2 protein chains.
Amino acid sequence: MATIGDVARVAGVSRSTASYALSGKRAISAAVRRRVEDAVRELGYTPNAGARALATSQTMVIGLLAQFLEDEFAPAMLQYMLGVSDTARELGYDILLSTEADGRNALRRMTDSRMVDGIVLLNVAEHDDRLPILRAAPQPGALVGLPADCTGVDVFDLDFEDAGRLMVDHLHRLGHRELVLVSQPEHVVERGGAYVWRLQNAAIEAARVRGISLHATFASSSQPDVARELGALLDAHPQATGLLVNNEAAAAALPTVLHARGLTAPADLSVVGRYSDEFARTFSLPYSSIESAPDRLGRMAVRELVRRIEGQAGPDEPHVVRFVSPELVDRGSTAAPREG
Amino acid sequence: MATIGDVARVAGVSRSTASYALSGKRAISAAVRRRVEDAVRELGYTPNAGARALATSQTMVIGLLAQFLEDEFAPAMLQYMLGVSDTARELGYDILLSTEADGRNALRRMTDSRMVDGIVLLNVAEHDDRLPILRAAPQPGALVGLPADCTGVDVFDLDFEDAGRLMVDHLHRLGHRELVLVSQPEHVVERGGAYVWRLQNAAIEAARVRGISLHATFASSSQPDVARELGALLDAHPQATGLLVNNEAAAAALPTVLHARGLTAPADLSVVGRYSDEFARTFSLPYSSIESAPDRLGRMAVRELVRRIEGQAGPDEPHVVRFVSPELVDRGSTAAPREG
DNA sequence: GCCCATCGTCGAACCGGTTCGCCAATCGCG
DNA sequence: CGCGATTGGCGAACCGGTTCGACGATGGGC
C-alpha cells in the first residue's frame, strides 16, 4: 500500500511538501502540486486513517449507540439510525455502531480509546446510565430523547407533552368524550422511558381540562401479547369512542385486532397513533398519527454534534435542548363518535 | 488523556516494558507487572486506537455495508445487521456501518484508508458492483447473499433452491394442485437479486415434476401497492389453493388483504412465507414460513471473516461458500385444500 | 545595488503505540 | 567456581501521517 513517502519520492519532493500540496495548508507551486497529484493517481494513494487520526487527533468518525432492548420495537429504532447515518455521511463522517445491550461499555471503549470524534445516543432514558460516562468523556455528545439532566450535551426530542395534548384536543374537537390511551409497557416507564409519561400526563391533564374521561393504560411491546391486551382493553372500555396509541407494537397489531372484532376506524372507533409516516407505510397502518420524525431528529442531532466537533460552536456556547413540534398526519381514521 | 508514556513514568519503567507488561508478549516480573497495572488504574489509561492501529496494522473494526434500497424491505435488513453486530462484538470487533446507497464509495473509503480489518457485505446481488472493489482490497470479505462469481470471498446464504422445493413439496403433500408464488418486484431481479429466481426456478421445477401448476408472479415491495397487487393476484387465480410468499412486504400486508376478502388461512387458502421467526413476531404473521435465518447468516459471515483476519484460516485456505438449509416453521397456516 | 518580504521547500519532531536487538543480572549445572 | 542459558528490562526504530521552524531563492521598493 502506498504511503505519503512513496508519493513524495515519485513526485521528487519531501514528505512534508507532498502533505502540504494535498492539504493546501501552505502555498505550493503549481508545477509541484501537479507532480504530487500525478503521483497520487499513479500509486492509488489514500491516506492511512489511523496515522492521520494519530497526527490530527481527529478520526472523522461518530459513535452511534443504539440499544435494542427486548421491550423496544426494533423497526422503529432503525429509522433513527438511518437518519443519523445518512446525515453523518453527508457531513463527511463515518459511523461506528454499537448495538450492545450494555451501552456503557461500548461508550467507554469508543471514547477512551479515541475511536470517535463525537457520540450520538439514541433512546435516552430519564436517568440514563450512559450519561455520566458521556459527560466525563472528552468528545461532545448529542442525544435523541430527553433525560432529567441535560448538562453537557445537546438534546433533541419530540415534544411529547404537546403530542399528548394534540391527540386529546383533536378527538375532543370531533365530539369524543371517552378515550383510551395505550402506552408502552410499564417497565419501559420504570426503566426511565420518560417520553411515555410525558405524553400520558399531558393527555390526562388535557382531558381533565376539557372535562372528558381518559383511561390511561399500558400494553406490552411484543407480539402476540399486545394483541391480546388490546382486545381486553376494548372489552374493558366499551363506551370509549377514541383510541390513542403511544406504542408502536400496539399500533402495528391494531389492524388485526380491530378486524377480528369486526370494528372499523373511524366508523366504530377513532384512532390516533404516534409513529412516523415511514412506519405507517411499512406496517400498512391506516391510522392518523402524530409524526415522530425519527429521521429529522437524527439529522438534527448529527448536525449539532458536528458543529461542536468542528468548533464552529464557540467552546463555551451553551448546550441546546430542542423539541420538534408534533404534527398530526391525517389518514382519515378519526371522525365524530358513533351515536352511543 | 494518559498515554503509555505516562503509565511507564508512574510505574518507574520504560515505555517498552509497560507495553510488554500489558500485552504479556514477553516475560515481566510480577512486581513490575503490578506497578504497571496500578499505574494504569490510577491514570485511567486506555490505549489510543489510532496509534495501536498504526503500529499493528490491526484496527479491530469490521466494515458493514448495508444498502437500504427503496425496493428492499428495511426491517428485514435490520436483522442481518444485528446478527453481524452482535457476533462482531463477541469476538472483540467493532462495526463501522455504511448505509450509503452507493456502496462502492464506502467500500473504497474503508478499505483504502485501512479503517477496517475486514468487510461484510449484505444483500449481495448476482453481479454486485461492490465485488470487484472488495476483491482488489487487501482486507478479507464475507458476503451474505450469493453472487455469480465467488472467488476471493467467503459466501453465506440461505439455500433458496431448496426453499422453493420445500414450499412446493409441502403443499403438494397436503393435496394442493394449484399454487401461486409471489416474489419480490421484478426490478429486484433485474438489479441482480438472484435469490428471487433461485427460489422461483426451483419451485417451478418442483411443480413440474409433481405435475401441479404454479403461477409465478412478482409484487411490489412497498405499501400500499403490494396490498392492491395481492388482491388482483387472488382475483386472477381463484382456483389456487396455496400461496407461496417470497416477499417480506407482501407477507406483512397479507393479513389485511385476506381479512378484507373474508379469507382465512388455512381454511380458505394455505400460505407459506419465507421470513424469519423474529419477523413473524414483529408483524404478527400467523403463516408457516421458511426460516430465513438472518441472525445465523450474519453470525456465520462474521465468524469466518474473523478467522481469516486473524490468520487461523491458512493463508491459502480455499474460500467457503456455505448454504443454510431452509427449515419450515409450522404456524398452522397450511392444510389440505378446500373442496373445489 | 541593497535590504527586506514573500514564496516554496525541506528537515525534523511529534502523535502513541509495538517490537526488535541488546545487555546485565540471575540461575542451573557440571 | 566458571560457563552458558534464561530472565527481565531498556533504548531505539518504526508505523504513516501533520506541522513547525528554518532557509535559500526570488521579487519589489527605494
Side-chain angles (χ1 to χ4, degrees), chain A residues 1-37 39-40 43-61 109-117 138-139 310, chain B residues 1-37 39-40 43-61 109-117 138-139 310:
Chain A
M1 208 75 187
T3 73
I4 201 169
D6 300 330
V7 171
R9 191 157 26 73
V10 168
V13 299
S14 72
R15 295 201 303 151
S16 54
T17 300
S19 176
Y20 283 125
L22 293 175
S23 71
K25 293 191 179 174
R26 276 201 187 173
I28 292 289
S29 69
V32 167
R33 193 196 327 280
R34 275 222 34 163
R35 291 215 311 277
V36 170
E37 283 164 359
V40 165
L43 298 172
Y45 165 75
T46 308
N48 178 304
R52 177 172 277 177
L54 184 56
T56 62
S57 16
Q58 279 225 9
T59 63
M60 300 306 284
V61 174
R109 195 174 58 249
M110 288 181 183
T111 56
D112 286 358
S113 67
R114 302 205 118 82
M115 307 178 80
V116 299
D117 293 338
Q139 296 96 337
E310 302 186 345
Chain B
M1 209 76 186
T3 74
I4 200 169
D6 301 331
V7 171
R9 192 158 23 73
V10 169
V13 298
S14 72
R15 295 201 304 152
S16 55
T17 299
S19 176
Y20 284 125
L22 293 174
S23 70
K25 294 191 180 175
R26 277 200 186 172
I28 292 290
S29 70
V32 168
R33 190 192 334 276
R34 275 222 35 163
R35 292 217 308 278
V36 170
E37 283 163 359
V40 165
L43 299 171
Y45 165 75
T46 307
N48 178 304
R52 176 172 278 178
L54 184 56
T56 62
S57 24
Q58 280 225 9
T59 63
M60 300 306 285
V61 173
R109 194 174 57 248
M110 287 182 185
T111 56
D112 287 358
S113 66
R114 300 209 122 78
M115 307 178 81
V116 299
D117 293 338
Q139 296 97 336
E310 302 187 344

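Atoms considered below: every heavy atom in the structure, side chains included; atoms not considered: hydrogens, waters and symmetry mates. Just so it is clear, the structure is predicted and the values come from calculations on it, not from any experiment. Numbers restart at 1 for each chain; the letters A, B, ... are given by sequence-line order, proteins then strands.
- One axis for each end of the helix from dG1(C)-dC30(D) to dG30(C)-dC1(D), each built from five base pairs, and the angle between them comes to 40° at 10° resolution.
- Taking D6(B) as the reference, R9(B) meet the salt bridge (Lys or Arg N to Asp or Glu O under 4.0 Å) condition, with sequence neighbours excluded.
- Within residues 45-58 of chain A, the residues approaching DNA chain C are L54(A), A55(A), by heavy-atom distance under 4.0 Å.
- For E37(B), there are no side-chain hydrogen bond (donor to acceptor under 3.5 Å, both in side chains) partners at least two apart in sequence or on another chain.
- Taking CD of Q139(A) as the start and CE of M115(A) as the end, the distance is 11.0 Å to the nearest 0.5 Å.
- T17(A) pairs by the side-chain hydrogen bond (donor to acceptor under 3.5 Å, both in side chains) definition with S14(A), not counting sequence neighbours.
- For residues 19-36 of chain A, the pairs satisfying side-chain hydrogen bond (donor to acceptor under 3.5 Å, both in side chains) are R34(A)-D38(A), with sequence neighbours left out.
- One finds the CD1 atom of I4(B) at 11.5 Å from the CG atom of L43(B) (value rounded to the nearest 0.5 Å).
- For T56(A), the side-chain hydrogen bond (donor to acceptor under 3.5 Å, both in side chains) criterion is met by no residue, not counting sequence neighbours.
- V13(A) and V32(A) get closest at one heavy-atom pair: CG1-CG1, 3.9 Å.
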Derivation of the side chain to side chain contact (heavy atoms under 4.5 Å, CB included) call for T46(A) and R114(B): CA-CA 9 Å; T46(A) 308; R114(B) 300 209 122 78; over 6 Å; no

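- Taking R109(B) as the reference, D94(A), E100(B) meet the salt bridge (Lys or Arg N to Asp or Glu O under 4.0 Å) condition, with sequence neighbours excluded.
- Listed by residue number, the members of residues 16-30 of chain B with any heavy atom below 4.0 angstrom from DNA chain C are S16(B), S19(B), Y20(B), K25(B), R26(B).
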Just do the side chain to side chain contact (heavy atoms under 4.5 Å, CB included) check on N48(B) and T3(B) with the steps written out, would you? CA-CA 8 Å; N48(B) 178 304; T3(B) 74; over 6 Å; no

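- Evaluation of the side-chain hydrogen bond (donor to acceptor under 3.5 Å, both in side chains) rule for D117(B) yields T59(B) as partners, not counting sequence neighbours.
- For DNA chain C, the span of nucleotides reached by chain B at under 4.0 Å from its heavy atoms goes, 5' to 3', from dG16(C) to dC22(C).
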